[in-house]
Amino acid sequence: MPVYSEKVMQHFMNPHNVGEIEDADGVGEIGNPVCGDMMTFYIKVKDNRIEDVKYKTFGCGAAIAVSSMVSDLVKGKTLEEALTVTPSMVAKELEGLPKNKLHCSNLGAQALHKAIKNYAIKNKIDIPGLTDKEEPEEDEHACET
Amino acid sequence: MPVYSEKVMQHFMNPHNVGEIEDADGVGEIGNPVCGDMMTFYIKVKDNRIEDVKYKTFGCGAAIAVSSMVSDLVKGKTLEEALTVTPSMVAKELEGLPKNKLHCSNLGAQALHKAIKNYAIKNKIDIPGLTDKEEPEEDEHACET
Amino acid sequence: MDNVAAAPLLPEVREAMLPYLGQIFGNPQSLHNWGDGAREALEGAREQVAALIGGASEEIVFTSSGTEANNMAVKGIARARSEKGKHIIVSAIEHFSVFNSARTMQREGFEISLAPVDSTGTVIPAELLKLVRPDTVLISVMHASGEVGTIQPLAEIAAGLPKDGPVLHTDAVASAGNIPVDVKKLGVQALSMAGNQFNGPRGSAALWIKRGVRILPLLDGGIQEGGRRPGTEDVPAIAGLGKAAEIAKRDLEVRMERLSGLRDMLIEGVLGEVEHSVLTGHPVNRLPGYASFCLRFIEGEAILMLLNSHGIAAASGSACTSRALKASHVLLAMGINHELAQGSVLFTLGPNNDAEDVKYVLENLPKVVDRLRQMSPLYSKYLKEQKG
Amino acid sequence: MDNVAAAPLLPEVREAMLPYLGQIFGNPQSLHNWGDGAREALEGAREQVAALIGGASEEIVFTSSGTEANNMAVKGIARARSEKGKHIIVSAIEHFSVFNSARTMQREGFEISLAPVDSTGTVIPAELLKLVRPDTVLISVMHASGEVGTIQPLAEIAAGLPKDGPVLHTDAVASAGNIPVDVKKLGVQALSMAGNQFNGPRGSAALWIKRGVRILPLLDGGIQEGGRRPGTEDVPAIAGLGKAAEIAKRDLEVRMERLSGLRDMLIEGVLGEVEHSVLTGHPVNRLPGYASFCLRFIEGEAILMLLNSHGIAAASGSACTSRALKASHVLLAMGINHELAQGSVLFTLGPNNDAEDVKYVLENLPKVVDRLRQMSPLYSKYLKEQKG
Ligand SMILES: Cc1ncc(COP(=O)(O)O)c(C=O)c1O
Ligand SMILES: Cc1ncc(COP(=O)(O)O)c(C=O)c1O
């Protein structure tokens with residue numbers, strides 16, 4: 001009974017889509033190093049689709065695997081589709097996460113969400129599924145989610 | 001590190017002088033079954049000497065070994081000499097007793113002492129070393145000594 | 001025949017432990033691979049133990065002894081529920097680890113009631129239930145006595161308790177692995193057990209706590225056992241406990257039948273061949289391997305020492321064997337007087353014993369008894385009274 | 001190189017235990033012969049353990065873990081002395097088993113003061129002594145940290161205490177068996193230690209309590225360990241602890257020299273070859289086998305997982321590795337900020353490690369760090385700031 005599933009280990013050992021996009025259309029950052037996890041997601045959008053997605057992640061094995069999985073799940077999807085990616089979907093695709101690591105799967109989806117929001121604001125567009133989800137404001141001192 | 005010394009085991013396995021003396025000159029009984037130990041000592045006195053000594057003992061291994069050792073120590077001794085046998089002498093001759101069994105060595109000497117006292121009273125004599133030691137009256141409820 | 005105190009480790013159990021005394025020395029809390037083998041051993045054992053008693057594996061907390069499991073249950077549950085009330089009921093024949101834990105809670109402001117037993121050492125459910133009050137937060141009644149083998153009517157007690165009332169804990173240290181134990185059938189919310197009572201290793205024990213029952217940890221520290229029992233896990237002992245549980249479950253019926261047969265042979269033999277002997281505990285509802293007696297006019301420690309010289313191991317509840325120099329509170333609670341209690345002797349049979357052993361005891365015990373009675377002032381008084 | 005969490009059992013220790021997993025299965029409390037072998041093992045081990053720390057064998061109480069020894073010391077001594085006063089001082093870097101025990105005592109009405117440490121993780125004796133009050137009944141300061149290896153100036157603290165004042169307890173779980181430990185030289189009245197920290201078995205630990213120091217038992221029950229720690233004794237574990245203590249004493253100097261050499265090689269290598277790395281703990285007064293660092297911009301769990309993929313075991317004090325998701329209070333108490341604390345990594349060297357192992361770590365660690373930094377948003381920010 002290892003701590004992490006095979007799938008998590010695969011993504012951790014060989015994370016997909018790591019990196020930055022210099023001329024990203026949207027950037028979303030979440031978490032902070034005090035809590036042990038921090039992610040920055042970059043998206044490139046074309047025809048309402050996520051043409052490219054990259055990220056940088058500071059954090060535990062789960063945080064890295066989650067970032068990788070989120071990037072896989074949304075690449076090539078429309079923005080609306082991408083917004084339907086939920087933390088529990090991410091955890092499920094990763095064949096489960098230890099209970100105390102579930103907050104990592106929240107972070108991944110949130111960071112992507114923020115990147116899309118950033119894109120929407122910059123381009124002054126309205127994306128269904130975006131405005132009705134209010135981002136919880138981060139609290140520097142509350143690391144547990 | 002067995003609980004009991006070799007000497008104790010020898011006396012326990014082959015106690016000396018076990019028995020009763022039908023026409024004893026002095027009888028001393030001490031202890032009670034509630035406490036787990038009870039001894040009756042019988043002495044036969046001739047010319048102020050303990051010509052014969054026997055006992056019956058109900059109790060633990062130490063109680064039996066102590067009775068046997070006391071009987072060995074006093075047999076053939078004058079009454080005055082016999083009265084000098086102390087619990088610590090008995091314990092020493094037995095190569096030590098476990099701390100929680102030390103009360104057994106008190107009992108042995110006390111029972112003998114009582115037998116001598118019984119002899120003294122019956123014969124209305126005064127033996128040096130007897131009157132100055134006051135027997136502690138036994139308390140049915142106080143087993144620890 | 002002192003299998004309780006000196007239960008031999010089953011060879012299979014030993015085999016299950018050895019790897020963890022060798023190469024698989026990982027820490028189950030570690031992230032690296034070497035920890036994985038240890039973690040698997042731990043979780044495997046948790047399932048084996050849970051299966052033995054019909055609980056769920058997440059409900060098992062490993063401890064270092066039956067004593068620790070009992071302390072954790074009594075103190076941990078009482079402390080966790082102290083806002084609901086401060087009354088505890090324990091039976092009059094509990095092991096000291098339950099009894100003295102209750103006394104510690106008494107110093108912490110709890111009130112303790114003792115549920116009486118009858119002359120067979122059986123708790124009387126109606127009497128116990130009378131003691132239940134609105135502020136009773138915990139009841140602890142052993143499943144079976146380790147001194148006289150009597151099995152307690154737990155299900156009956158459980159059935160009489162108010163819903164959402166007191167938590168019912170049972171000390172199943174003497175019973176688990178030896179007779180069927182099913183937490184659901186017993187109706188308990190917490191149960192202690194220990195591996196060395198069913199041929200598992202020393203240092204291996206467990207507390208089962210039903211999900212939802214609150215308990216404060218006894219040990220403070222790190223995160224092992226979900227924080228409920230911190231400290232580096234004794235992986236070899238736990239692996240051995242798991243294996244012993246698996247084997248006990250597998251062999252339970254066969255073993256019970258075999259041991260009950262030997263036990264009854266021993267009991268009949270002793271009662272038949274040793275004058276002034278009485279069986280202690282329940283004649284029928286008793287642990288398979290337990291044959292316990294009181295032999296009049298003589299003292300337990302001396303009996304054990306002479307038996308030992310014949311190569312026979314046994315135990316006693318006499319004052320002299322107790323170090324505290326007090327006769328067993330269990331025997332006294334059953335109405336046995338101090339004098340008779342001194343002559344207590346307990347034989348416990350295990351997998352290594354057979355009919356030959358029983359015969360050997362039956363040959364030698366009468367001699368031992370006779371020899372000590374010849375030395376006993378009580379016996380000679382009795383004989384004189386008979387004559388006179 | 002995670003010898004603390006996964007210390008391999010020494011073959012000699014294993015040999016010392018095996019007999020008690022086989023034929024010598026007696027109960028040391030039994031009167032019969034079979035108990036004698038077990039009793040001898042127990043008393044022999046007690047002498048070996050006492051010899052290791054310069055105490056008397058009657059002053060040793062065996063427990064199941066360092067955690068239990070610490071709980072027993074802190075709670076048992078505080079409770080026994082509560083009539084003299086209700087103030088306890090512990091250092092800010094104590095293990096959770098001491099720290100949380102103190103917090104439990106706080107709930108029982110005690111006041112707790114935390115003695116600060118400097119940036120090397122060393123308790124400042126003058127600062128601690130300032131906290132001493134007339135009602136201070138217990139001070140607990142670890143002998144050496146299991147996270148950063150810093151050795152504490154206990155003798156200096158002891159020298160500054162009023163005569164017949166507070167009892168000084170030390171958690172020597174990380175130090176005993178690894179560096180010289182002499183209760184007289186340290187000036188302490190109670191000391192905890194654990195066998196699995198010096199290649200002895202799990203489930204084997206001890207509390208030394210100076211004769212005359214009062215302590216209430218943590219576990220209530222029977223008469224084992226003189227009633228101070230009841231429960232069936234784990235004879236194999238205790239026998240193994242004794243053997244490990246004997247070997248540790250015998251080999252201490254040689255082992256210390258060897259491990260310090262390897263450690264210094266590792267420390268120099270890491271500091272030289274990994275940019276943005278800092279040594280945690282004291283540069284000199286540290287446990288021989290302990291090399292601990294913080295590596296900036298990356299997180300400990302990820303470091304451990306990648307090291308593990310190279311076959312290297314290590315530990316970390318990062319939030320993510322802690323299950324409670326909090327960065328090590330030890331690192332924070334030393335003034336290390338949360339961000340840096342996330343990159344904590346600890347290598348512990350043991351008898352099976354050699355220079356080859358150290359070289360292997362020095363080859364692979366930089367790669368692991370680099371790979372994670374390439375992924376780290378903190379590192380790219382840092383690089384940008386450097387450029388801009
Ligand atoms: C300093 C210190 N104290 C106590 C402990 C707890 O010991 P155990 O896990 O044996 O309970 C540890 C464990 O690593 C430690 O390093
Ligand atoms: C009924 C019962 N409970 C508890 C215990 C204590 O178990 P341990 O010695 O493993 O702590 C015993 C031990 O014989 C027992 O018989």
Side-chain angles (χ1 to χ4, degrees), chain B residues 2-4 8-22 24 27-42 54-68 71 97-104 106-107 111 114-115 140-145, chain C residues 5 276 294-311 313-329 331-332 336-345 364 367-385 387:
Chain B
V3 172
Y4 289 130
V8 171
M9 288 308 291
Q10 281 166 16
H11 278 267
F12 169 73
M13 291 304 295
N14 290 299
H16 308 162
N17 308 309
V18 178
E20 294 180 19
I21 301 176
E22 287 297 322
V27 180
E29 184 173 296
I30 199 147
N32 72 64
V34 173
C35 300
D37 291 300
M38 186 176 161
M39 295 174 189
T40 314
F41 263 81
Y42 301 86
K54 294 218 178 291
Y55 59 87
K56 287 236 164 162
T57 297
F58 163 88
C60 63
I64 290 170
V66 160
S67 309
S68 171
S71 72
L97 282 172
K99 225 189 290 178
N100 63 347
K101 298 286 179 174
L102 283 174
H103 82 117
C104 295
N106 292 334
L107 286 187
K114 269 196 155 180
E140 282 280 319
H141 302 286
C143 287
E144 262 100 288
T145 48
Chain C
H276 309 295
C294 281
L295 311 176
R296 267 187 82 186
F297 309 124
I298 56 179
E299 191 280 326
E301 191 200 276
I303 302 173
L304 300 193
M305 287 170 71
L306 280 184
L307 284 174
N308 188 34
S309 75
H310 292 279
S316 170
S318 84
C320 292
T321 50
S322 78
R323 282 212 195 171
L325 302 180
K326 284 195 186 120
S328 156
H329 66 292
L331 300 175
L332 301 180
I336 292 174
N337 70 33
H338 275 88
E339 184 183 327
L340 188 55
Q342 303 299 357
S344 131
V345 58
N364 287 285
K367 290 187 225 162
V368 162
V369 170
D370 196 52
R371 183 161 158 192
L372 290 172
R373 286 197 179 144
Q374 290 311 322
M375 254 190 244
S376 167
L378 298 172
Y379 190 58
S380 56
K381 270 186 199 169
Y382 166 80
L383 291 180
K384 279 171 199 154
E385 277 162 23
K387 273 199 226 155

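What you are looking at is a predicted structure, and each value in this text was computed from that prediction instead of being measured. In what follows, chains carry the letters A, B, and so on, assigned in the order in which the sequence lines appear, proteins first and then strands, with residues in each chain numbered from 1.
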Heavy-atom proximity to chain C below 4.5 Å, by part of B:A62: backbone

In terms of relative ring orientation, are C:F297 and C:Y382 parallel, tilted or perpendicular, with 30° and 60° separating the classes? tilted

Interchain contact, B:P98 with chain C, by part (heavy-atom threshold 4.5 Å): neither

Let me know if C:Y379 has heavy atoms under 4.5 Å from chain B in its side chain, its backbone, both or neither. neither

Just so I understand: if I count every heavy-atom pair under 4.5 Å between each of B:A63, B:P15, B:G61 and chain C, which residue has the most? B:G61

Using modelled atom types and a 3.5 Å cut-off, is there a donor and acceptor pairing between side-chain atoms of C:S309 and backbone atoms of C:L306? yes

When the ring centroid of B:F12 is compared with that of B:Y4, is the distance short of 6.0 Å? no

Which bit of C:L340 comes within less than 4.5 Å of chain B, counting heavy atoms only: side chain, backbone, both or neither? neither

Interchain contact, B:M9 with chain C, by part (heavy-atom threshold 4.5 Å): side chain

Residues which pass side-chain contact (heavy atoms from CB on, under 4.5 Å) with B:A65, listed by chain and number, not counting sequence neighbours: B:V8, B:H11, B:L94

Is a salt bridge present between B:E20 and B:K56, judged by a nitrogen-to-oxygen distance below 4.0 Å? yes

